[in-house]
Amino acid sequence: EVQLVESGGGLVQAGGSLRLSCAASGFTFDDYAIGWFRQAPGKEREGVSCISSSDGSTYYADSVKGRFTISSDNAKDTVYLQMNSLKPEDTAVYYCAAEPNRGLLRLWVFRWGEYDYWGQGTQVTVSS
């Protein structure tokens with residue numbers, strides 16, 4: 001059974017940092033796209049960052065470039081999202097998602113409907 005378990009969310013002041021973790025199990029981690037998405041109340045789910053577990057290529061939404069860093073530890077089947085310089089507008093439930101990397105990742109990397117596997121989400125709240 002495929003499982004994705006997020007952790008690391010919480011309450012932080014603006015300008016602070018958090019590191020989210022996504023622990024994967026039940027599938028071979030070797031060639032997947034592992035993405036982070038977020039959804040704020042009343043807003044659509046949006047892609048934040050993604051990493052290819054095979055070649056380590058990374059992708060970021062413009063809103064988080066320079067502040068967030070995605071990384072993976074394939075030995076632990078875990079993907080991390082280091083979030084620095086957090087802003088109140090980063091407040092949302094953050095979800096980890098996984099999908100076999102079927103190529104041309106850049107074309108679908110932030111289309112949440114393309115991902116078959118999802119975690120339960122972790123709340124990130126940034127106070128002003």
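Positions are given from 1 along the sequence. Computed over heavy atoms, backbone and side chain alike; hydrogens, waters and symmetry mates excluded.
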Notebook entry, point to check: In terms of the angle between their ring planes, are Tyr95 and Trp118 parallel, tilted or perpendicular, with boundaries placed at 30° and 60°?
Noted result: perpendicular
Next item on the list: Indicate whether any N or O donor in one side chain lies under 3.5 Å from an N or O acceptor in the other, for Thr91 and Glu89.
Entry: no
Note to self: Check Glu99 with Arg111, please: is the shortest side-chain N to carboxylate O separation under 4.0 Å?
What the structure shows: no
Notebook entry, point to check: Where do Thr125 and Gln123 come nearest, in terms of heavy atoms and distance?
Noted result: OG1-NE2, 3.3 Å
Next item on the list: Applying side-chain hydrogen bond (donor to acceptor under 3.5 Å, both in side chains), name anything that partners Tyr94, two or more places apart in sequence or on another chain.
Entry: Arg38
Margin query: Nearest 0.5 Å, please: how far is OH in Tyr60 from CG in Leu81?
Written below: 7.5 Å
Margin query: Suppose we screen for ring-ring contact (aromatic ring centres under 6.0 Å, His included). Which residues come up paired with Tyr115, at least two apart in sequence or across chains?
Written below: Phe37, Trp108
Check: Has the side chain of Thr69 got a donor or acceptor atom that lies under 3.5 Å from a matching backbone atom of Gln82?
Finding: no
Margin query: According to salt bridge (Lys or Arg N to Asp or Glu O under 4.0 Å), who are the partners of Arg67, at least two apart in sequence or on a separate chain?
Written below: Asp90
Note to self: Give me the atom names and distance for the closest heavy-atom approach of Cys96 to Leu4.
What the structure shows: O-CD1, 3.7 Å
Next item on the list: Not counting sequence neighbours, which residues clear salt bridge (Lys or Arg N to Asp or Glu O under 4.0 Å) with Lys65? List them please.
Entry: Asp62
Return all side-chain donor-acceptor pairs below 3.5 angstrom for residues 9-25, not counting sequence neighbours, or 'none' if the list is empty.
{"unit_1": "Ser17", "atom_1": "OG", "unit_2": "Asn84", "atom_2": "OD1", "d": "2.9"}

Item checked: Contacts of type side chain to side chain contact (heavy atoms under 4.5 Å, CB included), residue Ser57, not counting sequence neighbours -> Ser52, Asp55, Tyr59
Check: Would Val64 and Trp36 show up in the same hydrophobic cluster when neighbours are defined by side-chain heavy atoms closer than 4.5 Å?
Finding: yes
Margin query: According to a hydrophobic-cluster definition based on side-chain heavy atoms being under 4.5 Å apart (Ile, Leu, Val, Met, Phe, Trp, Tyr only), do Val109 and Ile70 belong together?
Written below: no
